[in-house]
Amino acid sequence: MSTKNEVGKRSARERMQEERAREEAAARKKRQLAVIVTTLVVIAAAVVIGIVVQNGRSSSYSAATDAPGGTVGNTRLLIPVGGTAAPSTVTIYEDPRCPACEQFETAMKTTINQLLAQGKIQIQYHIASFIDRHDSGKGSKNAANALACAQNVGRFHDYHDVLYANQPQETDDAWADRSILISLAKQVPGLDSPSFEACVNNNTYGSWVTAVQSDFDKSGYNSTPTVLLNGTPAYPTYNSKDISPANFTTWVDNANKGKPLATMPSASAEALASPTAHNNPPASGAASAGHS
Amino acid sequence: MAAWIGTAVRIGLAIVWAWAGLAKISDPQAAAQAVRVYRILPETLVKPFGYGLPFLELAVALLLLVGLGTRIAAIVSGLLLLVYIASIASVWARGISIDCGCFGGGGAVAASQTQYWQEILRDCGFLLLSGWLILRPKTRLSLDGWLAA
């Protein structure tokens, strides 16, 4: 009798211990599952929130309201210069802070302005601004916006030439300071005005600048300057010949054979043809003195 | 002792991922371009990846920092690194010249400025750290440990 009782007690205790162990194991499993679920939720939530937030932060661009005046193309991202009837089209992707663009401009500006004046070419500029990405700078974007402000009042090309003539070192983000861009604008007769300064300071064409860069990102071209002559890359070489003022002129003339040239207003043509002047009609002597 | 080494590995990896993630969130457009230049994903997936990956990295950093779900976080970390190493190797093999954009930046660079060897070796080092945590996820000063106590 007593032995039976003993056996019954022991087995009851064992059963209780087993029960407790089972419960603990179940609780541990539950906790582990909770940790796994929490971990996965944290990861999924972060990704979803991230995509939504970054989508919201990417500026929306509307060609109808956000592009500067006189821009062309499907979504008005291009700045045209020169007579639209000119037989050859030169497409130029440039970043205001890009040193290779400055070298291209310094070497080719006079030739290009002469070709423009002769009605042989029209230019379509894409003003990129990706150099800011490398050091979270602001100079390219500020300068691109200022160029858009100049485009809006018909002074893009003159201001473009002034900016390249005064470009800071690539590592120096001098144009993060917008007042420098405004003081450079004083070298372009008729550009500086309270509304121009407000346009520069308020980053009025910021979403356009972003849209132009986004378009460049997707273009497949990956460096500036990218120069196309009638769609064929012309920098640094064209049909495996190096670009130079003489070569470029020859390429354009060959491409234009048998095609009528565009006519330009004589005053603009005269100004363009002069190697020292910017391509706007000469304004007051005082304003245009002091730079060449 | 091993548990303390695990803690150091965990915090170290957390710092790496936090740095990598934070560097990519200030400019969404640049982050998208960093993905685009690998020429692996179709255009429709470029933005979701460019926008989402930095936050995935930050989530991994956060989980590793507090030591919650350490093994899962380490597995995600390892998988991410494998994808990154494979992507860089693929770009290298195809002769494309880019900055990996691993810690911000990214985009095309001159062929002479690519650093594929260094980038892949660095990621392999991080992969080893992730492997350690996958094998030994129990570390000191972790939420996992605190919850299990």
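The chains referred to below are lettered A, B, ... by the order of the sequence lines, with proteins before strands, and numbering in each begins at 1.
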Counting heavy-atom pairs closer than 4.5 Å to chain A, which one of Ser97(B), Ala30(B), Ala59(B) comes out on top?
Ala30(B)
Interchain contact, Glu57(B) with chain A, by part (heavy-atom threshold 4.5 Å)
neither
Please state whether the side chain, the backbone, both or neither of Ala34(B) comes within less than 4.5 Å of a heavy atom of chain A.
neither
Go through Gly107(B), Ala31(B), Gly104(B), Gly52(B) and name the one with the most non-hydrogen pairs under 4.5 angstrom from chain A.
Gly52(B)
Between Tyr125(A) and Tyr93(A) (judged by ring centroids, cut-off 6.0 Å), do the two rings come close enough to count as a pair?
no
Show, in sequence, the C-alpha distance, side-chain angles and deciding distance for Phe216(A) and Tyr221(A), and conclude whether the ring-ring contact (aromatic ring centres under 6.0 Å, His included) test is met.
CA-CA 7 Å; Phe216(A) 179 56; Tyr221(A) 298 117; 7.4 Å; no
Arg20(A)/Gln17(A) under side chain to side chain donor-acceptor pair (under 3.5 Å): CA gap, chis, key distance, verdict:
CA-CA 5 Å; Arg20(A) 205 176 302 139; Gln17(A) 278 173 346; over 6 Å; no
Report which part of Ile25(B) has an atom under 4.5 Å of a heavy atom belonging to chain A: side chain, backbone, both, or neither.
both
Any Lys/Arg nitrogen of Glu119(B) or Arg122(B) sitting under 4.0 Å from an Asp/Glu carboxylate oxygen of the other?
no
Among Gly69(B), Ala73(B), Ala32(B), Gly50(B), which has the most heavy-atom pairs under 4.5 Å with chain A?
Gly69(B)
Between Asp132(A) (side chain) and Lys141(A) (backbone), is there a donor-acceptor pair under 3.5 Å?
yes
Proximal component of Ser214(A), with respect to chain B [non-hydrogen, under 4.5 Å]
both
Structural part of Gln32(A) lying under 4.5 Å from a heavy atom of chain B
neither
Side chain, backbone, both or neither of Asp99(B) within contact of chain A (heavy atoms, under 4.5 Å)
neither
Can you tell which part of Thr210(A) gets under 4.5 Å to a heavy atom of chain B, answering side chain, backbone, both or neither?
both
What part of Arg39(B) gets within 4.5 angstrom of chain A, counting heavy atoms only: side chain, backbone, both, or neither?
side chain
Looking at Asn222(A), Thr39(A), Ile43(A), Val42(A), which has the largest count of heavy-atom pairs under 4.5 Å with chain B?
Thr39(A)
Which portion of Leu40(A) sits near chain B, non-hydrogen atoms under 4.5 angstrom:
side chain
Matching residue for Cys101(A) among Pro96(A), Pro225(A), Ser223(A) - test: side chain to side chain contact (heavy atoms under 4.5 Å, CB included)
Pro225(A)
Roughly how far apart are Ile98(B) CD1 and Ile88(B) CD1, rounded to 0.5 Å?
7.5 Å
Report yes or no: do Asp177(A) and Ser179(A) form a side-chain donor-acceptor pair below 3.5 Å?
yes
Whatever's closer than 4.5 Å to a heavy atom in chain A on Val76(B) counts as side chain
Identify which part of Leu58(B) has an atom lying under 4.5 Å from any heavy atom of chain A, answering side chain, backbone, both or neither.
neither
Checking side chain to side chain donor-acceptor pair (under 3.5 Å) for the pair Arg10(B)/Thr139(B): CA distance, chi angles, key distance, verdict?
CA-CA 8 Å; Arg10(B) 188 161 58 73; Thr139(B) 63; 2.8 Å; yes
Answer yes when Asp217(A) and Arg133(A) have at least one side-chain N-carboxylate O distance shorter than 4.0 Å, and no when they do not.
yes
